[in-house]
Amino acid sequence: MAHHITLLPGDGIGPEVVEATLLVLDATGVAFVWDRQEEVGQAAVEKYGEPLPGHILDSIRENKTALKGPITTPVGKGFRSVNVSLRQHLDLYANVRPCSNLPGIETPFPDVDLIIFRENTEGLYSGIENYDPRLEIADSIARITRKGSERIIRFCFEYARRQGRNMVTLAHKANILKQSSGMFLHEGQKIAEEFPDITFNDRIIDNMCMQLVMYPQRYDCIVTTNLFGDLLSDLAAGLVGGLGVVSGANIGDEYAVFEAVHGSAPDIAGQGKANPTALIRTAEMMLRHLGEMNAADAIRKALRDIYSEGQTLTADVGGQAHTMEFADALAKRVDTLVSA
Ligand code: NAI
Ligand code: MG
């Protein structure tokens with residue numbers, strides 16, 4: 001039976017890394033029926049007058065699963081982030097961002113294996129913003145709910161237990177943000193008692209940043225609120241080779257949208273320079289979510305092989321290959337592995 005998936009190529013490097021990822025998915029032999037939604041963000045504003053038209057949400061609600069490329073958000077003006085809106089509309093409260101080394105990429109630490117669990121629907125990204133032009137005062141409210149805190153922290157502990165991981169660190173700023181971050185920390189301490197098999201500790205976010213760039217190998221699963229999780233996941237990406245190689249998933253109780261951590265990278269868009277590894281690893285997460293473990297394992301193994309050999313890598317990780325050259329080489333490996 002084919003999997004019906006909504007496909008959002010997005011903009012910037014999105015269409016390039018999506019094309020590369022589809023080539024690799026095709027090589028797995030898993031059957032997909034893609035509902036391709038080209039116009040989203042600025043393109044949808046031009047065509048439909050809104051950045052996230054209802055038919056896109058309807059498609060994801062029907063298929064339950066989406067694979068998406070990045071979508072540009074105008075900075076400091078213009079429409080609200082489609083990425084944030086999607087997560088809120090579909091209640092995709094858990095943003096799961098694994099960061100681990102690939103062979104052959106030189107980094108300061110050889111043994112990083114982290115998963116960041118970012119609360120994805122509230123906090124400073126709640127969208128509760130106000131500007132009072134008379135007083136020239138701007139507010140952006142960091143709304144945290146007990147329910148929202150509880151479900152992301154529980155999600156993290158359960159995920160850790162399922163994957164045989166043994167430590168959860170909660171990152172917060174409860175010394176200063178006594179209400180919002182304080183409630184998040186308190187929920188974490190309470191839930192941790194239900195998981196005596198998993199070590200629990202917490203770090204104040206500024207210290208967490210320092211710890212991660214000095215001793216990343218001491219950390220395992222990190223759960224945190226929306227803004228902190230956004231920042232920590234780019235930081236953690238930097239530990240293992242950059243935004244070109246780290247995957248991500250937005251998961252809720254009903255739907256899942258798979259997208260890499262990186263954005264639309266306008267500085268390299270349209271030049272064949274983008275590394276599709278991040279979205280390919282994201283597709284690997286999607287395959288596991290769909291129960292296609294053999295296909296996911298084949299992608300994982302083929303990626304490790306290609307990176308160990310180091311012959312066909314993109315420029316961000318020290319190679320010279322173009323996006324599709326890398327994808328072609330990888331797809332051939334995947335094909336060989338699944339037909340063996
Ligand atoms: P970015 O992640 O697009 O780029 C940051 C740096 O990393 C750039 O130098 C870029 O060239 C590099 N980079 C990113 N992905 C890469 C890849 N696959 N291969 C090689 N190099 C890669 O972040 P930036 O520049 O801050 O944001 C650009 C736009 O993307 C903004 O409009 C932002 O709102 C949007 N964005 C969208 C996201 C999403 O759709 N989920 C997530 C993050 C940002
Ligand atoms: Mg980000």
Side-chain angles (χ1 to χ4, degrees), residues 7-21 24 37 40-45 51-52 56 66-90 92 95-97 99 102 105 116-121 123-125 224-250 256-283 303 307 313-327 330:
L7 182 70
L8 306 174
D11 53 33
I13 59 169
E16 301 166 58
V17 291
V18 163
E19 192 194 341
T21 302
V24 174
Q37 300 287 343
V40 61
Q42 185 54 40
V45 170
L52 181 58
I56 292 182
L67 180 65
K68 93 173 255 304
I71 300 167
T72 303
T73 309
V75 178
K77 58 178 167 58
F79 60 82
R80 238 193 118 204
S81 163
V82 172
N83 311 306
V84 172
S85 300
L86 257 179
R87 297 163 188 168
Q88 289 174 343
H89 278 294
L90 300 171
L92 306 169
N95 192 338
V96 184
R97 298 179 152 183
C99 277
L102 273 166
I105 304 182
I116 296 181
F117 296 81
R118 162 187 177 190
E119 200 294 321
N120 217 11
T121 57
L124 252 179
Y125 297 9
T224 189
T225 47
N226 208 337
L227 172 71
F228 298 157
D230 191 2
L231 307 183
L232 285 186
S233 46
D234 274 34
L235 185 156
L239 294 170
V240 297
L243 286 167
V245 298
V246 288
S247 59
N250 304 288
V257 174
F258 292 83
E259 65 177 330
V261 175
H262 67 73
S264 56
D267 54 335
I268 55 167
Q271 301 170 39
K273 287 185 183 163
N275 188 349
T277 302
L279 193 64
I280 292 166
R281 286 176 119 184
T282 298
L303 269 173
Y307 270 87
L313 303 181
T314 49
D316 58 311
V317 286
Q320 291 173 341
H322 278 197
T323 308
M324 288 312 282
E325 283 167 351
F326 171 82
L330 182 66

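Just the heavy atoms: all of them, side chains too, but no hydrogens, waters or symmetry mates, feed the values below. Read the numbers this way: they start at 1 and go in the same order the structure lists the ligands and their atoms.
- In terms of N/O distances under 3.5 Å, ligand 1 is approached by Glu259.
- Ligand 1 places these atoms under 4.0 Å from at least one heavy atom of Asn83: 37 (C), 38 (C), 39 (C), 40 (O), 41 (N).
- By the criterion of a heavy-atom distance under 4.0 Å, neither the backbone nor the side chain of Ala260 is placed next to ligand 1.
- Note on ligand 1: Thr277 sits outside its first shell, no heavy atom being nearer than 4.0 Å.
- For the pair Ile71 and ligand 1, the shortest N or O to N or O distance falls below 3.5 Å.
- If you look at Thr73 next to ligand 1, the close heavy atoms, those under 4.0 Å, come from the backbone and the side chain alike.
- Closest to atom 29 (C) of ligand 1 by heavy atom, among Ser264, Gly263, Pro74, Gly78, is Ser264.
- Atoms of ligand 1 found under 4.0 Å from any heavy atom of Leu243, numbered from 1 in the order shown, are 2 (O), 5 (C), 7 (O), 14 (C).
- Here the shortest heavy-atom distance to atom 15 (N) of ligand 1, taken over Gln42, His262, Arg87, belongs to His262.
- Taking only nitrogen or oxygen atoms, main chain and side chain alike, Ala265 reaches within less than 3.5 Å of ligand 1.
- Residue-level proximity to ligand 1 for Thr72 is carried by backbone and side chain together, each with a heavy atom below 4.0 angstrom.
- The nearest protein atom to atom 18 (N) of ligand 1, hydrogens excluded, is given as Asn275 O, 2.9 Å; this is a heavy-atom distance.
- In this structure, the separation between CG on Asn250 and CG on Asn120 is 5.0 Å, given to the nearest 0.5 Å.
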